[in-house]
Amino acid sequence: MPDIPSSINGVTIEFSTSVNKDVSQVMINGLNHCIKTGIASGFTLSKIYISSANDSHTLPSRHSQSKAVDISRINGTKMVLGYPQGGELKSIVDAIQDEFENFSKRRENFGPHLKKKLGKDYAVSGHGDHIHISVN
Amino acid sequence: MLKVKNIVFLFLAVTVVGCGYFTSSGDADNENQVLSSFSQLEGKYVWHEEFKKYVYSKKVEIENILSASDKTKMIHVLANCIDNDMLSNSVLNEKKVKLGVICFEALSQTIYHEPLLENGDIALKWEGHISPEASTSELRAAKNAWNEVIKLKKYNFL
């Protein structure tokens, strides 16, 4: 399986030290779909921080199946701190989640902006602090 | 010669033990200082209709307080503090909130956990996710849930 690259569509990808970058090609395609420098109108996404991919979770976690990625920082700022402030971070997070909903293989899309599973609202708890995206 | 060697060994042993004592004592002082700082924060929980939740006004201050600490050690302290019912200087609807609520706020800015269903999808609810209006029993359940997660290392740093 491929590794998540260190750059996607011009956006720098940083990783937590515990991250195993080895994920499915479908997951890479999902990231390519929603991680773009101009994803949010009027703002520039330059960097994301992946807090989890294929690591630290046990089966049958989607992470351990190489089909999920968590993003917890945007442009160097933790979502848990920056999202409630509005502005750039919120706009970018909202745009990433909205765009991932348009990815044909999307499964879970949980984060501060919306929580959907297979395209339907799914009121999962938590996820005000990171985006969790997974694929079928 | 033997006597000198024994004396040197004893000196080194005492020094190592002494360093260990002061290190532990230093850690405890730092932890108490952090909790005291949390208790003194004059923050507010404000309801945000857009987010459908309360947002705490001193999140950046919490981050600054934690920045000087070893986060790997602090998460144990924060989890154990969740059911601390001492009143802090922070308020929700003009009423003081428990220190445990602030500890949970700090923990949730540091690590996260994703509870699972049998098929690997994320579970709908988890007792470790609480609101600042949590009852005493909910705080206690959250503490137990987080302690279990931390023990099993089923968390990620944000």
Side-chain angles (χ1 to χ4, degrees), chain A residues 15-19 49-53 55-74 77-86 90 93-94 107-115 117-118 121-136, chain B residues 43-64 66-67 71-72 104-132 134 138 141-142 145-146 149-150 152-158:
Chain A
F15 300 90
S16 166
T17 52
S18 60
V19 164
Y49 179 89
I50 289 182
S51 50
S52 180
D55 52 81
S56 76
H57 292 72
T58 52
L59 281 168
S61 165
R62 295 274 161 198
H63 287 279
S64 297
Q65 296 178 48
S66 309
K67 292 179 176 178
V69 166
D70 295 342
I71 301 166
S72 65
R73 302 180 201 175
I74 298 292
T77 298
K78 284 184 182 179
M79 272 179 218
V80 70
L81 298 179
Y83 192 85
Q85 312 302 321
K90 181 179 184 297
V93 167
D94 291 356
R107 183 174 183 85
E108 297 163 307
N109 184 356
F110 304 143
H113 173 49
L114 56 82
K115 295 171 182 178
K117 181 171 169 179
L118 297 168
D121 286 341
Y122 190 77
V124 66
S125 64
H127 294 87
D129 47 26
H130 69 282
I131 294 172
H132 167 90
I133 49 176
S134 72
V135 296
N136 289 319
Chain B
K44 286 184 183 178
Y45 279 96
V46 179
W47 179 258
H48 275 250
E49 187 58 34
E50 182 186 359
F51 306 143
K52 295 281 188 279
K53 65 180 208 177
Y54 287 101
V55 176
Y56 186 57
S57 65
K58 298 284 187 185
K59 293 178 79 63
V60 171
E61 286 78 0
I62 285 179
E63 203 73 2
N64 291 339
L66 286 175
S67 65
K71 289 193 171 58
T72 307
F104 171 75
E105 190 76 37
L107 186 66
S108 62
Q109 289 182 200
T110 309
I111 60 174
Y112 69 95
H113 168 67
E114 293 181 329
L116 300 178
L117 297 171
E118 283 183 1
N119 69 352
D121 285 350
I122 292 178
L124 203 52
K125 299 293 176 200
W126 181 53
E127 57 268 22
H129 291 143
I130 55 174
S131 85
E138 286 169 335
W146 277 106
V149 159
I150 291 170
L152 296 174
K153 296 192 183 345
K154 290 187 172 179
Y155 59 87
N156 292 299
F157 282 98
L158 287 166

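The model shown is predicted, which means the values in this text are computed figures rather than measured ones. Per chain, numbering begins at 1; letters A, B, ... match sequence-line order.
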With chain A as the partner, which of B:E50, B:H113, B:H48 has the greatest number of non-hydrogen pairs under 4.5 Å?
B:E50
Can [X] and [Y] be counted as having a side-chain donor-acceptor contact under 3.5 angstrom?
| X | Y | answer |
| --- | --- | --- |
| B:E114 | A:H130 | yes |
| A:D94 | A:Y83 | yes |
| B:Y45 | B:E105 | yes |

Can you name the nearest heavy-atom pair linking A:V19 to A:A53, along with the distance?
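Looking at all heavy atoms of both residues, the shortest contact is CG1-CB, 4.0 Å.
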So, for B:S57 and B:G43, which heavy atoms are closest and what is the spacing to 0.1 Å?
OG-CA, 3.4 Å
At a 4.5 Å cut-off on heavy atoms, which part of A:H113 comes close to chain B: side chain, backbone, both, or neither?
neither
Ranked by heavy-atom pairs below 4.5 Å to chain B, first place among A:K117, A:K78, A:K115 goes to A:K78
So what's closer than 4.5 Å to chain A heavy atoms on B:F51: side chain, backbone, both or neither?
side chain
Between B:L117 and chain A, which part of the residue has a heavy atom less than 4.5 Å away: side chain, backbone, both or neither?
both
